[in-house]
Amino acid sequence: MQPQQSMSRLLIILVLLSAGILAYYFRALSTRPSIPDALGLQSVLQDWHIFYHLGGYSPWIQHHTSTSSSLPPQCVVDQVHMLSRHAERYPTLSVGIKMKSMITKLKAAGTPVFPFLESWEEFFEVDENGKSTDLEELTREGRYAGVRQAYNTGVTLRERYDHLVDGGDDGENKTFSIFSCSCSRVLHTAENFALGFFREDELFANVRHVIIPDIAPERGADTLTPVKACIRYRQDTEAGRKRGSALLEQFQSVYLSRVAVRLRQQFGYDFSVSDLWHMQELCGFEILATGNEESPWCGIFTQREWEEFAYARDLLHYYRSGPGTPYSAVMGFLYLNATREVLELGPERAGKLFFSFAHDGDIVPLVGTLGLFPEVEPLPYTYVPDNRNWKLSSVVPMGGRVVFERVSCVSTMSTSSVGVRILVNDGVVPVPGCESETRDGEICPLDVFVKLVDKKGEEVGEFDEVCGLKDGLGRRPSFLRQDWEQGPGRLHL
């Protein structure tokens, strides 16, 4: 073969390889879950990800911070606490029924309002009596199936905290407790997580699942769901739970009325504010239920409209169970204080692993009580403020979690110290009030952390008094312990 022919063939091969690499690269970009351009409405910036604008209706995502999650080499985690939201789910029953009604209306409007509706398939079922085996439950299919995501989270955290797993001494099997409220999707999240976390050592058979009722007035403050235990919070129409929904409606009317005008001009259909809100919700829930990151519902809206949707959800959380309601701090203090007590006892006296599962509405008060993501002024409900800290899309996505690590460090002088580190969805966040005492890796000295929590307790008051509970009921969570006498299996309190 002539050298010239060899060179020509080599060039051809290089061109083909380059084309293949580029094709792979562009295929990767095309599967990136940004906003699908299903209706040709907008282009997508490559550094913009729709999961961070779904207001908690996205699969689990990491909360990005500037602090490395790696610990200093002289430090090790010796106890861990996690409060997690349930994994990916279908819509709730009430929301799902409204979605189905809206879809039926759009399909019946002569020809379907959106062309994709002719072939689009619903991802949940509701019978004529309003019953559903899908709604309210964990998703079961697709890339982001909740049952699989919970299991995978267990596997991931087992890799991180494997050194804390102790199967028992002298041949005796050790029983591990996990904790959840009684809601079906939360209960199944906990058990799928446990299966992933304990599977390698066949320790799953030794798991004790402590189940605390979602609603149990007789337990008082002895609960994982303080938003359901605080009576005054649920009854107070001005400053309680309902305030979040009222202010959400005001902001919805501001931004969705503008969206309605835009879409009316394009499609000749009068969309209500409720229609548009459920369409935005459908984007996230179709991704959760099917794994279809190219859901056509996502492509109906612009980036600005998705940012407004995320803010609407932030607004709801802020005023419903966050710092915008005066009941938030005392509700969040219950889990915070129970965790503080176990951190102070340490792994030898209390145990090493504490995994708890509840709802986003129970995690938000904890976030607020800790003082994470603070706002100088209360969030406005007529516009989106610039540079806000309260962005909960990456704080309480499906499977969102807040983790407290008890960290033991040994210095070069062989002296030891103990501190606490907080992670929100694997992102390390500083402990508010501990900035001047914080060591490398955002580790707050344990004694400082304890004082901060005690001071917070003095500020927020007693749960039973603030919430208007009867005398003689539980005043604090008593279940967060490993020394239960009952063996493995479900333990209903």
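As a basis for the values below, the full set of heavy atoms in this structure was taken, side chains included, without hydrogen atoms, waters or symmetry mates. Note that the coordinates shown come from a computational prediction; the quantities given were computed from them, not determined experimentally.
- Remark: E125 CD is loosely packed, at most 12 non-hydrogen atoms of other residues, nucleotides or ligands lying under 6.0 Å away.
- Listed for the R232 side chain is a donor-acceptor partner under 3.5 Å among the backbone atoms of V466.
- Annotation: cation-pi geometry satisfied between R313 and Y57 (NZ/CZ under 6.0 angstrom from ring centroid, within 45° of ring axis).
- Looking at Y318 and R388, their side chains never come closer than 4.5 Å, going by heavy atoms from C-beta outward.
- Side-chain atoms of Y327 and R241 include no donor-acceptor pair closer than 3.5 Å.
- More than 12 heavy atoms of other shown residues, nucleotides or ligands fall within 6.0 angstrom of atom NZ in K107.
- Note: F197 and F355 meet the aromatic proximity criterion, with ring centroids under 6.0 Å apart.
- By the 6.0 Å contact criterion, CG on N129 is enclosed, its count of non-hydrogen atoms from other residues, nucleotides or ligands being greater than 12.
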Can L282 and M99 be said to form a side-chain contact (heavy atoms from CB on, under 4.5 Å), step by step?
-> CA-CA 8 Å; L282 273 165; M99 286 178 173; 3.7 Å; yes
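- Put simply, the side chain of R85 does not reach to within 4.5 Å of the side chain of T189, judged on heavy atoms.
- By the neighbour-count criterion of 12 heavy atoms within 6.0 Å, atom CD of E377 is sparsely surrounded, having that number or fewer from other residues, nucleotides or ligands.
- Checked against the 6.0 Å centroid threshold, W306 and W48 do not count as a close aromatic pair.
- Residues L54 and C283 are in side-chain contact: their nearest non-hydrogen atoms beyond the backbone lie under 4.5 Å apart.
- Ring planes of F114 and F271: parallel class, angle under 30° (limits at 30 and 60°).
- Contact check for Y90 versus R140: side-chain heavy atoms found under the 4.5 Å cut-off.
- A donor-acceptor contact shorter than 3.5 Å is absent between the side chain of N192 and the backbone of A150.
- Of the N and O atoms on the side chains of S184 and E137, at least one donor lies less than 3.5 Å from an acceptor on the other residue.
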Could you walk me through whether H209 and S180 pass side-chain hydrogen bond (donor to acceptor under 3.5 Å, both in side chains), step by step?
-> CA-CA 8 Å; H209 183 181; S180 84; 2.7 Å; yes
Step by step, would you call V402 with L423 a side-chain contact (heavy atoms from CB on, under 4.5 Å)?
-> CA-CA 6 Å; V402 177; L423 295 89; over 6 Å; no
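- Under a 4.0 Å N-O distance rule, the pair E88/R148 does not qualify as a salt bridge.
- By the 4.5 Å heavy-atom criterion applied to side chains, V364 and L392 are counted as neighbours.
- Between F51 and Y144, the angle of the ring planes goes over 60°, which puts this pair in the perpendicular group of the 30/60° scheme.
- Put simply, the side chain of S253 gets close to the backbone of Q250: a donor and an acceptor are under 3.5 Å apart.
- Within the 4.5 Å cutoff, the side chain of I300 has heavy atoms near those of the F116 side chain.
- In this structure, the side chains of I287 and S58 stay at 4.5 Å or more apart for every pair of heavy atoms.
- The existence of a salt bridge linking R160 and D426 is confirmed by a sub-4.0 Å separation between a basic side-chain nitrogen and an acidic carboxylate oxygen.
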Step-by-step side-chain contact (heavy atoms from CB on, under 4.5 Å) determination, F193 to H86 = CA-CA 10 Å; F193 170 90; H86 55 73; over 6 Å; no
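- Between R243 and D236, no side-chain nitrogen of the basic residue sits less than 4.0 Å from a carboxylate oxygen of the acidic one, so the salt-bridge criterion is not met.
- The ring pair (Phe, Tyr, Trp, His ring centres under 6.0 Å) test applied to Y383 returns no partner, not counting sequence neighbours.
- Here the side chain of R199 pairs no donor or acceptor atom with the backbone of G154 at under 3.5 angstrom.
- Within a 6.0 Å sphere centred on CD of E459, other residues, nucleotides and ligands contribute more than 12 heavy atoms.
- For the residue pair D275/S272, the side-chain donor-acceptor check at 3.5 Å is satisfied.
- For the pairing with S321, the side chain to side chain contact (heavy atoms under 4.5 Å, CB included) check across L366, D360, V227, I363 returns one residue only, V227.
- Using a 4.5 Å heavy-atom cutoff, the side chains of M398 and L288 are in contact.
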Check the pair F123, T139 against side-chain contact (heavy atoms from CB on, under 4.5 Å), reporting the backbone distance first and the verdict last.
-> CA-CA 10 Å; F123 52 85; T139 54; over 6 Å; no
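- K455 NZ: 12 or fewer foreign heavy atoms inside a 6.0 Å radius.
- Taking CH2 from W277 and NZ from K98, the interatomic distance works out to 12.0 Å, rounded to the nearest 0.5 Å.
- Below 30°, between 30° and 60°, or above 60°: for F354 and H81 the angle between ring planes is below 30°, a parallel geometry.
- The distance from the OG atom of S393 to the CD atom of E307 is 10.5 Å, given to the nearest 0.5 Å.
- Defined by atom type and a distance below 3.5 Å, a donor-acceptor pair is missing between the side-chain atoms of H492 and S182.
- Atom CZ of F373 is surrounded by more than 12 heavy atoms from other residues, nucleotides or ligands within 6.0 Å.
- We find that D362 and K228 are not joined by a salt bridge, their nearest charged nitrogen and carboxylate oxygen being 4.0 Å or further apart.
- Take A221 and apply the side chain to side chain contact (heavy atoms under 4.5 Å, CB included) test, not counting sequence neighbours, and it matches L334, F463.
- We find the SG-CG distance between C183 and L224 to be 12.5 Å, quoted to the nearest 0.5 Å.
- For E136 and R185, the salt-bridge test passes: some basic side-chain N is under 4.0 Å from an acidic carboxylate O.
- A salt bridge links E122 with K100: the closest approach of a Lys/Arg side-chain nitrogen to an acidic carboxylate oxygen falls below 4.0 angstrom.
- Remark: R258 does not engage E305 in a salt bridge, criterion side-chain N to carboxylate O under 4.0 Å.
- Not counting sequence neighbours, the partners of N425 by the side chain to side chain contact (heavy atoms under 4.5 Å, CB included) test are W60, H63, P397, R401.
- Under a 3.5 Å cut-off, the side chain of S295 and the backbone N or O of E286 do not form any donor-acceptor pair.
- With Y381 contributing its side chain and A246 its backbone, the two residues share no donor-acceptor pair below 3.5 Å.
- Between the side chains of E281 and H278, at least one donor N or O sits under 3.5 Å from an acceptor N or O.
- Interatomic distance, L83 CG to T339 OG1, rounded to the nearest 0.5 Å: 7.5 Å.
- Looking at H53 and Y311, their side chains never bring a donor and an acceptor atom within 3.5 Å of each other.
- Side-chain atoms of T225 and T223 include a donor-acceptor pair closer than 3.5 Å.
- No more than 12 heavy-atom neighbours from other residues, nucleotides or ligands sit within 6.0 angstrom of CD on E141.
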